[in-house]
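First comes the structure, then the notes that go with it.
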2 protein chains.
Amino acid sequence: MAVSEEQVFGRPWRGRRRQRPSGDQRERAILETAERLLGERSLNEISVDDLARGAGISRPTFYFYFASKEAVLLTLLDRLVEEARAGIELERLSQGPLEVVRRGIASVHETFRDHRAIALAAAEMRASSAEVRELWARVIEGFVQETTAAIEGERRRGAAPGGAPARDLAVALNWMNERVFQATLSSEVPAISDAAVIDTLVEVWMRAIYGNSALEDEAG
Amino acid sequence: MAVSEEQVFGRPWRGRRRQRPSGDQRERAILETAERLLGERSLNEISVDDLARGAGISRPTFYFYFASKEAVLLTLLDRLVEEARAGIELERLSQGPLEVVRRGIASVHETFRDHRAIALAAAEMRASSAEVRELWARVIEGFVQETTAAIEGERRRGAAPGGAPARDLAVALNWMNERVFQATLSSEVPAISDAAVIDTLVEVWMRAIYGNSALEDEAG
DNA sequence: GACGCTGTCAACACTGTGTCGAGATTTGTC
DNA sequence: GACAAATCTCGACACAGTGTTGACAGCGTC
């Protein structure tokens, strides 16, 4: 146990009269342990006991702080989402549509890349946890609404041609980004290299929104 | 137990001298039970015991036929993939690129929609099973290679403009389809309606491959 | 009629989750 | 500085699920 505490709280205890770590410290220790372990293996392969030991507490004590390991991931994910949103806000000052799209995509990509472990764990847990699924759905829905509004704006001012309903287009483009980022971050195959992923996605977005297919009336 | 057997083998046993069901029957019963139960809940929520009981056997006997419940899903998925491939082959006779793309996408969509339960379970198990992940990776890789070849062909004959590397484009478009189908089949939010999903995807594909953005050189 | 093959399952060992209740520690109050 | 309340801690338990073992049953066949 002493060994585990050292992992998280630094140097071993020497002085006298040291109280036990506060609740906040413990909670933080659990979150840090979770993010560290997620870098090594998936949440399914991490037991509540692993998280508890990593934070220097027993398993029942873990349950004093979190209802389950999903709850830990949810807390981590909340932070990440907050960070991603903040990143996008910062990019609002850009000018032309190309730059807006590029910066928005790049910003999300950066945030996720900096916390790969959490992003990938979240993608994985979407399958089994309704709460993760709902949180994620809200995030994507937010992106979709902004995208839809932007497409409709560009169509109204005549800059973008008509075509599929703006929302359907927005949904398809946003899911594409989500899935492609996931593949790139996890080095799944097939994937796009980290260096090329932004350019590729931006190109598809720009053509899907602004481009007119040369073959629009060829066949069917 | 008798009740479970009736579920799968039809009418209750009456005659004399009936041998126990053959190994093939049992294996089929397990697969059928799995597909039926997957229509109701996810594979995580289905225990080996559920599958065994549904097939009228005990849990240890289940392990005589399959190494795990993942192995059952893998067998189901193998069939589905085979069916999807066959569907695409049938569409080879179409003429213009628009029709080729549309028929290819529609064919995959149909196959998956007809076995929603399996397709969704596979997407879910990609997270936790390396074997499912690898099988799925091979499937998508196949689509990507065909798409890449098609794009390069169209570029060579001057029908499609240059841009991002053909393979990167192909990867992005195929992941988009995968993710959008998944969202549509599971009625996730946000999703595209079943009726509009093909048109939307085809439009993005055509524009991404053939369309030139009107703003290509607008901003930075 | 005993050998081998395919099936079959009760009982076991194990891993992991979540809960309970009894106690220790800390904090606030007078 | 003592007492109560709130906060924190964990041993021990109940439970659900997985996968294995070993004994044994039916069936063809030489």
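In what follows, chains carry the letters A, B, and so on, assigned in the order in which the sequence lines appear, proteins first and then strands, with residues in each chain numbered from 1. Only this structure's heavy atoms are used, side chains among them; waters, hydrogens and symmetry mates stay out.
- Close to dG7(C), at under 4.0 Å from its OP1 or OP2, lies no side-chain N or O of Tyr65(B).
- For the side-chain contact (heavy atoms from CB on, under 4.5 Å) test, no residue two or more places apart in sequence or in another chain qualifies with Ala150(A).
- Straight-line distance from the CZ atom of Arg53(B) to the P atom of dA10(C): 10 Å, rounded to whole Å.
- Of the candidate nucleotides dT9(D), dC9(C), dC10(D), dT9(D) has the atom nearest to the side chain of Arg26(A).
- Residues passing the side-chain hydrogen bond (donor to acceptor under 3.5 Å, both in side chains) test with Arg126(A) are Glu178(A), sequence neighbours excluded.
- Side chain of Arg133(B) to main chain of Ala127(B): a donor-acceptor pair is present (N/O by atom type, distance under 3.5 Å, no hydrogens or angles).
- Contacts classified as ring pair (Phe, Tyr, Trp, His ring centres under 6.0 Å) and involving residues 24-43 of chain A (residues at least two apart or in different chains) are not found.
- Residues passing the side-chain hydrogen bond (donor to acceptor under 3.5 Å, both in side chains) test with Thr148(B), sequence neighbours excluded: none.
- The separation between Ile57(B) atom CD1 and dA10(C) atom P is 12 Å, rounded to whole Å.
- Rounded to whole Å, atom C1' of dG17(D) lies 13 Å from atom CG of Leu43(B).
- Note: CZ (Phe62(A)) to P (dG16(C)) measures 15 Å, nearest angstrom.
- Contact annotation: Thr61(A) does not reach the phosphate of dT9(D) (side-chain N/O to OP1 or OP2, under 4.0 Å).
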Extract from the structure each pairing of a protein N or O with an N or O of nucleotides 18-21 of chain D at less than 3.5 Å, listing the distance.
| unit_1 | atom_1 | unit_2 | atom_2 | d |
| --- | --- | --- | --- | --- |
| dT18(D) | OP1 | Val48(B) | N | 3.4 |
| dT18(D) | OP2 | Val48(B) | N | 3.2 |
| dG19(D) | OP2 | Tyr63(B) | OH | 2.9 |
| dG19(D) | N7 | Arg59(B) | NH1 | 2.6 |
| dG19(D) | O6 | Arg59(B) | NH2 | 2.5 |

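- Listed by chain and residue number, nothing satisfies the side-chain hydrogen bond (donor to acceptor under 3.5 Å, both in side chains) test with Arg59(B) (two or more places apart in sequence, or in another chain).
- One atom, CZ of Phe66(A), and another, P of dT19(C), lie 16 Å apart when rounded to the nearest Å.
- Taking atom CD of Glu27(B) as the reference point, atom P of dT8(C) lies 12 Å away to the nearest angstrom.
- What separates CZ of Phe64(B) from P of dG22(D) is a distance of 17 Å, to the nearest Å.
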